[in-house]
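This report concerns only the one structure given below.
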Amino acid sequence: MRVRLARKMLLAGVEARVTAVEAGGDSGLVLGADALAEVAALLSLVDDPSQDLPVARATGMVYWLRSQALPEDEAELEAAMVLLTPVHDADPALVPAEMREFYEKSFRPDADVDLESWSRGLELLDQYETSLDAAALHEAVRLFQHAVPDDHPRRLAMLGDLKEIMLELYERLREVEALALAVEVGRELLDATPEDDPDLLTSLGIGLKELSKQTGDLAQLKEAVEFGRRAVAAAAADDRNRVVYLSNLGFYLQALFERTKQIQTLSEAIDFGRQAVELAPPGHLDRALCLANLAVAQRLLFEAIKDENVLAEAVELGRESIAITSATDPNRARYLSNHGYALRIWSEQDGDEAALTEAVALGREAVALTPEDHPSRAMYLFNLGSALSALGDPEAVEVFAEAAESAGSSEGMRLMANRRLGSAAMQAGAFETALAAYETALSLLTRITPRSLARADREYGLSEAMGLAAEAASTAIAAGRPERALELLEQGRGVLLGEFIGARTDLAELRAFAPDLAPPFERLREELELADHTTLTDAVVEYGQLDLLGRILTDAGLLTPDSEESAQEVAVRRRRSARDWEDMLARIRALPGLERFLLPPTIDQLRAQAADGPIVMINVSWLRCDALILTGDADRPARVVELGTLTPQDMIDQVRRFLAATAAAGGGSLRERVEGQREIHAVLGWLWDHIAEPVLVDLGITGPPDPGQEWPRVWWCPQRELAFLPLHAAGHHDRVPLTVLDRVVSSYTPTIRALRYARHSASGESADASTLIVCMSSTPEAPDLPGARTEALRLARLLPGSLVLDGPEATYDAVTAALSEHAIVHLACHGVSDWDTPAASRLLLHDHRTLPLTVSAISLLRLDRARLAYLSACSTTASNQRLADEAVHITAAFQLAGYPHVIGTLWPINDRIAAQVAADVYDRLTDRGTTAPDTGQAALALHLAIRRLRDTATASPGLWAAHIHSGT
């Protein structure tokens, strides 16, 4: 009786408050602490408010009225929604009209919905929130989509709610799978909408832009731009949101420029940004956003073209965006941080320390305004740390450390923050702190380039981290740990190459310890290798590579002959395979003896590769420059030769000088050719003075070998831009023996793991001398190579029984089929190095326009009989500067295909000279045609051939220094 009486009295009091406020009374009646106390007392008397509708309505209305007075407090609205749900279900007229509209669109099942699927979907959503199990989330979405029939009147509303739920999950949990599913549901919603809805289109664009930021997927970013264009096109001229659509499109184009570096894209971004600013005059709600976005675009343009007027405009735009933004605007922190960035760049141009001081102040304010778990906080800290570092303030170390540990930041941001932390700590002399930061940054490399991404996107991610491994190694050297420096270089260079090599060479270990896992592992490896090469870039499509890869996929059983896959389907298949791959690696590494399966090698594993001669890694960073020499000495496997006269800028200057010189020496007037050869000599002398001689002196190699003695061998492992220079030819060739050629036999390897792979391939070598000779003296749409026929005829005499494919016979199918049947291949043809897309670099066969023999196609081959590949073609070892450490070129592709010895070229070669070098090499390998070729002598044979040519044409190094030996 007392409970019922208390309920009645409390209910009357709460209802009176609600009635008074609804009648226009003071909202303080529901805002005070006494109102909440009365509501709490009433609810405490009811076991389940949903079973007591008067109580549910009265208390729910209190929270509803509070939410109207306190719009920023979402908890009030959430409480109202929960309490008023059963009231609406009983009689919609009993809840406010605004609430009715919400309930009509709410994510709740109707009577004709599959309740079993719906309920299971809700359970899986709960499971995902606690376990972050992506599979549970995917299944939940599938069940919700299945639960509501396609023709259901509320299906569109349900899809909209489902998209919002996925976005909310992403905002809360920062899990990419939730964002990807929001985009997927958004696509379905768009497909079901009769006409383009600009709001929906721009929402999809935002989702795809964010998704691309998290995944590194360029295709998603391009699609965001396309949705942005459609949103602008669909919006009416007087649409009040048109300014937002224009600004967003400019923002997407900015991001696209940062990936592609195409100025036209940035110019378009600026154009749309200006249109948005013009549509948002002073006082317009979105003007600050438009100004801030345009400011960033202008700053990017300055960084591309170095026009200070452009930067000045960026600074003014940023200043105005801040001036008109209120202190409570949620975007204020972003505007402050971006403007601080621009001011720091400005201070670098004219030494304006006041601008730098202002940048620090703005950075501090941006950080102070941002909650600790906000995903952008790390970026604001990073910008603040950069400004402090520019001022020389030691606080930068602490700020970068905080950025590196900031909750909710992306893997890419963590990598950048740890890298700058390492740099700042090094400058402060805190070597161990610096080393730990660099180690963390390197460990994140594979996280920002997951196998779920297309190969081109992974390459981009690695190119953005160029030089990271060098800095980490320099830090380890400074800390007195040269062995660790070698390990870090192997971890951070040739990442994709190492994945490919490890997945092929570590299989024997897997078969020994876990034979049941070997078949599924091989299957996954094959799927991922093929997926890597299926969606490279538009450049690959241009050369017919997708035709070829379609055939490869069909042969592998991954496609049926009549099926076609869209880019989206390929991406889904790749992500699924990548998840399976990670699961497989976790299972394997959990087994005894396989704990380091496919992990970077240790110093002891590396040392084993120096048994036949030292491996010299030239490490160049802004911190310091050294040669790291790996030897077979168990007590001292790593030796450091400090290259104190070498700087990164000198290296870059010499590479530019060298590339210009080789281009001049290969064409133009007689005067230009002569001057080009002189410049090449000058660079070879520089290489000797600053790199080669200090290394050879440390190794005790101070002159030629005595008569009758074997030539000593050295494996060069150059880093970054040094990969473009001929270390094997370094020296003063007018002062013999002050040259590398007169002291050692040189070979190259992109990484130590690649050398291990070459030796693994060589371990199965037999006396097999079967030879394939490909001769392309005449090639469709390419200049003739008359020397190629002379070269092929000479080799056919030295190698009787060779298969010669000449001209039209040398098609893609014929050559690739013959490769698997022959131990030696000699290709006398054109080589094309694709600077923008190294994986599309190719050798020109007769049908190269439709089925090109590209780096990607060659890498997929597995040739068990392979012994020697001689690439008598131009520039087979040339690659993109930003991907030099990944060795994406034709020479490396043949190593991956299984050849332990590959002879290639660093720049275009003369047709006649190429024939002469080849003849000399095979003369040596076959003892002038009297024996089967001894491919184990390939490095020595090339060395001697180059020396002979050098001695007869000393003044023209462009003719004799291009050929190199790679491998064992």
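These numbers were taken from a predicted model, which means no experiment stands behind them.
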Any donor-acceptor pair under 3.5 Å from R842 side chain to V832 backbone
no
Is R794 paired with D923 through a side-chain N to carboxylate O contact shorter than 4.0 Å?
yes
Expected output: side-chain R657 to main-chain A682 donor-acceptor under 3.5 Å
no
Are L684 and P957 side-chain neighbours, meaning at least one heavy-atom pair lies under 4.5 Å?
yes
Backbone N or O of I913 within a donor-acceptor pair of the N910 side chain at under 3.5 Å?
yes
Does the R713 side chain pair with the main chain of D612, one donor and one acceptor, at a distance under 3.5 Å?
no
Measure up the F658 and W907 rings against each other and bin them: parallel (under 30°), tilted (30 to 60°), perpendicular (over 60°).
perpendicular
Rounded distance [0.5 Å steps], CG in D626 versus CD1 in I477
4.0 Å
Please work out which of the three classes, parallel, tilted or perpendicular, describes the rings of F894 and Y899, given edges at 30° and 60°.
tilted
Counting C-beta onward and ignoring hydrogens, is there a side-chain heavy-atom pair between D920 and L944 closer than 4.5 Å?
no
When rounded to the nearest 0.5 Å, the distance separating CD of Q677 from CD of E675 is 10.5 Å
Is it the case that the side chain of T905 and the backbone of A873 share a donor-acceptor pair, with hydrogens and angles ignored and the cut-off at 3.5 Å?
yes
Can a donor-acceptor pair be found, under 3.5 Å and without considering hydrogens, that links the side chain of S956 to the backbone of A953?
no
Gap separating the CZ atom of R947 from the CG atom of D951, nearest 0.5 angstrom:
6.0 Å
Sub-3.5 Å donor-acceptor pair from the side chain of R493 to the main-chain atoms of P750, do we have one?
yes
Is the shortest side-chain heavy-atom distance between L488 and L435 below 4.5 Å?
yes
Name the residue from V921, L871, T876 that meets the side chain to side chain contact (heavy atoms under 4.5 Å, CB included) definition with I903.
V921
Aromatic ring pairing H733/W960, orientation class (parallel under 30°, perpendicular over 60°, tilted between):
perpendicular
Enter the distance from Q895:CD to S966:OG here, rounded to the nearest 0.5 Å.
5.0 Å
Check: H965/S747 side-chain N/O donor and acceptor closer than 3.5 Å
yes
Is the Lys NZ or Arg CZ of R743 less than 6.0 Å from the centre of W688's six-membered ring, within 45° of the axis?
no
So how far is it from R924 CZ to Q937 CD, rounded to the nearest 0.5 Å?
6.0 Å
Any chance the side chains of T749 and W715 put a donor and an acceptor closer than 3.5 Å?
no
Salt bridge R756-E490, side-chain N to carboxylate O under 4.0 Å:
no
R948, CZ: over 12 other non-hydrogen atoms inside 6.0 angstrom:
yes
Side chains of L727 and V714: closer than 4.5 Å at any heavy-atom pair?
no
Establish, from distance only, whether the side-chain atoms of D650 and Q654 form a donor-acceptor pair under 3.5 Å.
no
Geometric class of the H690/W686 ring pair [parallel <30°, tilted 30-60°, perpendicular >60°]:
tilted
Test item: R753 side-chain N/O and P601 main-chain N/O as donor-acceptor pair under 3.5 Å:
no
When rounded to the nearest 0.5 angstrom, what is the spacing between CZ in R928 and CG in L798?
9.5 Å
Give a yes or no on whether the backbone of A961 and the side-chain of H728 come within a donor-acceptor separation of less than 3.5 Å.
yes
Between the side chains of S474 and S621, is a donor N or O closer than 3.5 angstrom to an acceptor N or O?
yes
Salt bridge present between D742 and R950 (N-O < 4.0 angstrom):
yes
